[in-house]
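What follows is one structure encoded as structure tokens, with my remarks underneath.
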Amino acid sequence: MMGHHAFNKRGVEELYWKNDTVRYCDEYLKQLGVDMDSVTYKEAPWMGGGNAGPCLEVVTGGLELATLVFMDLELTQNGGETNIEGQWYKKMDTYIVDTGYGLERFVWASKGTPTVYDAIFPEMIHELLTLAGREHPLETHREQLMDIARLSGVMKKKEIAKKLNMTPYFVKTVIEPIESVYAVADHTRCLAFMIADGIVPSNAKEGYLARLVIRRSFRMLKTLTIDTPLEELVISHIKLMRNSFPELEQYVDRISEILSLEKTRYEETLIKGERIAKQKLKEYRAIGKMPLDASINIYDTHGIPPEVVVEIASESGDGVAVDIPDDFYSQVAKMHAEEKKGEIDPVVVSQKERTKTLPKTLKLYYDKPTEIEFEATVLDTFDDFIVLDKTLFYPEGGGQPADTGVLTTFAGSAGTELRVEDVLSVDGVILHKVAGAANSIDKGALVRGKIDYQRRMAHARHHSATHIVLWAARSVLGGHVWQAGAQKGEDRSRIDITHFKRISREERSEIEMLANKMVMRDEVIGVHIEEKNEAEKKYGFCLYQGGVPASKEIRIVQIGAGEDVQACAGTHCSKTGEVGPIKLLRTERIQDGIERLWYSAGEAAVRAIQAREELIAKSAAVLRVPQEKLPATVERFFDEWKQLKKDNERLREELAELREGWLKGRAKTINGMNVIAEVLQDADTKGLLKIAAQLAEAEFLTILMSKQDNHVSVVSSVPAIHKTRISASVVVKRVCEVLGGGGGGTPEIAQGGGEKVANIEEALLAGLRVVEEESL
RNA sequence: GGGCUGGUAGAUCAGUUGGUAGAUCACUCGCUUGGCAUGCGAGAGGCCUCGGGUUCAAAUCCCGACCAGUCCA
């Protein structure tokens, strides 16, 4: 894809708009030798990402060669000038020309092959066909292929087959395989670029797209009966492109690792999926049909496509019908589409209105990063906000929280002191959010500002540490590691990085060590402003770990001789030594393909280490062992604890047996049943249950209780032969009522408890009374 | 960014309206057989992921954390 852009400012500067854009396009096509009589410009509305505008499709001979978009509208909250599909838009001050020329389409048009694939990568197509043991239909069925190519996009597949009189057999054996070959060739190229650009297969965002492409390729290779691993195909595609994209070859190892990992993951999912599908099918065996929402659920939560479920259903021979409508996937998509919503924050809008007329604030925190105090003039006050002509207060941005501090008026006026709680930057104007009435200070007044230096330094340490940790992670894990978000704090900070598997404990230690070595090297952290294009040329797009700034000139933060270079607006230490120790606290996986590293720097790191030390010291003190013996001791204790639990279980059984005999001797006869009602010492509910169950087998009805601390446990059992006369559950309920608790269970065995320990004798009598009355 | 599902023995999974934690395979030991395959029997193996809450009582219900899987934008 090629293109050109123009950013026009309404009333300031118009570079070019529709007429000129069309003229440029005409000239370009003419130079390429296109017959201009065949070119059509088709106008249509375009919208996307909250913007809209007219759009021209440039078509020749049925082929769309380019799209010219003229973006001049933006979505509004409350009414506007233009309504498109029920939403209101208004004109933007900056209106943009955005063009896209299909480079490959020109190649296709010039070569005259039936498909773009045969024009762009014929060698790859050939290789895949050879591997699949097939001939290209271009050689065997050239006419039909040309016809199909002409009609596809206009008609549905089935309609084409009908119109061209093709048998289903012909479609399945000749047409579908070549379609798969085209798709695989396209996917291998796509994957080469995606992975080289640092995209890691994942279950979210662009990584998910990568995974879809990968899995689709696996499926198609299987139907084509090609056994060659996908990574080998991607690599051979890279070799074919070596003249145009030599840089791709450096990613070969990573591509191999990622794709073979994805292969095993996919196979595991399939095996697991098959099991789940079989289980689900079993559930519907009685009905003989699996409802649609069930198959949607299987796909949505476990990723098993409905076609696979159908296949499994027919193999299993259970005779469960699975109904899959043609619009299955769009139903799934529709279901999810209803979940999203996004709105413009009205507070931000009102701030933007207010700051529009104010000049940009002079940023002293960049020029004098080590200073604490400054003097400035108040330009405006509104709500809780004060705007100054210049400031040392760093506003929230780039994952670095705002500075706090105080603003004081000079003695003579009221001598007010206002605490600055938050600082934000709106279009270059810095707003100081203060506690108390902002308008207590007059416009034009001179104020003295003082920032909280401890906080500022902690942020600076953590910010520099973030760059160092990222550099260390890239060094240890590989160049594919990219920052996916970060948040700095006073005590600890975090950085999210892309990586295709979990970070091991060894890797974590290695990153930590490397980061601290960088600190000890005490390298200079240099800051300079550079022209954007120049910087990109010099350092590459790795600059934009924290996002791409909009400005023409960017602020570059460089560590040492260029170990790490980033575009960054944060406040930093001047040398890596100032950062102090860096302690990696933990790693978590916030998404498949994204690892979050938590760390502390400087004093916070020392505190974190001390806190951990304290934990170990306390644990060791409890067990009365030296710290280094802790793991072995804990393991021994745990094993012993398990052993004791088992011994306890066994002893309980033995005790139950012994008590059985004693209890049998104390049985009474009630309505012809042998009844045992006793309070036992040193038994818990489990122990009582054992005894009760055994006595029930010997045809005794039992009511057993035991007292522990402030709680009474109650168990009752009824022998099977009496269970129609009386329910153990009823007995327990009555007994526990007296004890101020509750209980229940089955007619044969039940348990419960209560807290009124004093009522224990009364409860026992109540139990006996129930037995007497109920069992008549 | 949003949604859904799961976490129980070494593995794969059951676990009824909350009420004594189970099956199959694998493992150990015995029996069967000339030996193997097979068959029969017994045994061992569980902080039911973790932390709170509700309850007389939680694997089960509620909240949170961690881990894993999956879909959508």
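First the proteins, then the strands, lettered A, B, ... as listed; each starts at 1. Computed from heavy atoms alone, side chains included, the values below leave out hydrogens, waters and symmetry copies.
Between Leu230(A) and Leu191(A), the closest side-chain pair of non-hydrogen atoms falls below 4.5 Å. Contact annotation: the side chain of Glu660(A) never approaches that of Leu663(A) to less than 4.5 Å [non-hydrogen atoms, C-beta and beyond]. Using a 4.5 Å heavy-atom cutoff, the side chains of Lys272(A) and Arg275(A) are in contact. Contact check for Lys280(A) versus Val309(A): no side-chain heavy atoms found under the 4.5 Å cut-off.
Distance Arg596(A) CZ to rG1(B) C1': 13 Å, rounded to the nearest Å. One atom, CD of Glu274(A), and another, P of rC13(B), lie 12 Å apart when rounded to the nearest Å. Computed from coordinates, the Lys280(A) NZ to rC4(B) P distance equals 15 Å when rounded to whole Å. For the pair Leu688(A) CG and rA57(B) P, the computed distance is 15 Å after rounding to whole Å. If you take CD of Gln751(A) and P of rU55(B), they are 18 Å apart, rounded to a whole angstrom. Note: CD (Gln591(A)) to P (rU70(B)) measures 13 Å, nearest angstrom. Nucleotide rU70(B) holds its P atom 9 Å from the CZ atom of Arg265(A), rounded to whole Å. In this structure, Ile298(A) places its CD1 atom 15 Å from C1' of rG6(B), rounding to the nearest Å.
The nucleotide whose nearest atom lies closest to any side-chain atom of Glu588(A) is, among rG69(B), rA73(B), rC66(B), rC66(B). Among the nucleotides rC71(B), rC4(B), rC13(B), the one closest to any side-chain atom of Asn297(A) is rC4(B). Relative to the side chain of Arg586(A), the nucleotides rU20(B), rU5(B), rC66(B) differ in distance, and rC66(B) lies closest. Taking the side chain of Lys205(A) as heavy atoms from C-beta on, and the options rG69(B), rC4(B), rA73(B), the nearest nucleotide is rA73(B). Closest to the side chain of Tyr299(A), from the set rG69(B), rU70(B), rC71(B), is rC71(B). Nearest nucleotide to the side chain of Arg589(A), out of rA73(B), rG69(B), rC66(B): rG69(B). When the nucleotides rU70(B), rC71(B), rU20(B) are ranked by their closest atom to the side chain of Arg211(A), rU70(B) comes out on top. Nearest nucleotide to the Arg502(A) side chain, out of rC71(B), rU5(B), rA68(B): rA68(B). Side chain of Ile749(A), nearest nucleotide from rC66(B), rU20(B), rC71(B): rU20(B). Closest to the side chain of Thr269(A), out of rA73(B), rG69(B), rC13(B), is rG69(B).
Relative orientation of the Phe638(A) and Trp641(A) rings is parallel, given thresholds of 30° and 60° on the angle between their planes. In this structure, Tyr299(A) and Phe328(A) have perpendicular ring planes: the angle between them is above 60°, well past the 30° mark.
Here Gly745(A) lies in heavy-atom contact (under 4.0 Å) with a base. Glu268(A) comes within 4.0 angstrom of nothing in the nucleic acid, heavy atoms only. Here Lys690(A) lies out of heavy-atom contact (under 4.0 Å) with every strand. Note on Ala692(A): nothing from the nucleic acid sits closer than 4.0 angstrom, heavy atoms only.
Side-chain contact annotation: Ser713(A) with Ser706(A), donor-acceptor N/O pair under 3.5 Å absent. Between the side chains of Glu262(A) and Ser260(A), no donor N or O sits under 3.5 Å from an acceptor N or O.
For the C1' atom pair drawn from rA11(B) and rC27(B), the interatomic distance equals 12 Å after rounding to whole Å. Remark: the separation of the P atoms in rG6(B) and rU60(B) is 14 Å, to the nearest Å. As rounded to the nearest Å, rG18(B) and rA59(B) have P atoms that lie 13 Å from one another. Taking the P atom of each, rA58(B) and rA21(B) are spaced 12 Å apart, rounded to whole Å. Annotation: rG3(B) and rU16(B) have their P atoms spaced 28 Å apart (nearest Å). To the nearest whole angstrom, the two P atoms, one in rA65(B) and one in rG22(B), are 33 Å apart. The separation of rC40(B) from rU33(B), taken at their C1' atoms, amounts to 13 Å, rounded to a whole angstrom. Spacing of P atoms, rC25(B) relative to rG7(B), comes out at 23 Å, to the nearest Å.
Ranked by how close their nearest RNA chain B nucleotide is to the 5' end, Gly740(A) and Ala693(A) are led by Ala693(A). Comparing His711(A) and Ile276(A) against RNA chain B, the residue whose closest nucleotide sits nearer the 5' end is Ile276(A).
Counting non-hydrogen atoms of neighbouring residues, nucleotides and ligands closer than 6.0 angstrom, the NZ atom of Lys352(A) reaches no more than 12 such neighbours.
Taking side-chain N and O atoms only, Arg275(A) has no distance below 4.0 Å to OP1 or OP2 of rU12(B).
For Asp300(A) against rU70(B), no side-chain N or O and base N or O form a donor-acceptor pair under 3.5 Å.
Of all heavy-atom pairs spanning Arg219(A) and Tyr266(A), the tightest one is CG-OH, 3.2 Å.
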> Can you give the dot-bracket line for RNA chain B, where a pair is Watson-Crick or G-U wobble with both atom distances under 3.5 Å, crossing pairs use [ ], and | marks a partner on another strand?
Replying inline: (((((((..((((.....[..)))).(((((.......))))).....(((((..]....)))))))))))).
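The pair Glu506(A)-Arg508(A) does not count as a salt bridge, with every side-chain nitrogen at least 4.0 angstrom from each carboxylate oxygen.
Remark: Phe638(A), Trp641(A), Lys642(A), Lys646(A) in residues 631-659 of chain A come within less than 4.0 Å of RNA chain B through at least one heavy atom.
With a 6.0 Å cutoff to the six-membered ring centre and a 45° limit on the axis angle, Lys583(A) does not count as a cation-pi contact of Tyr599(A).
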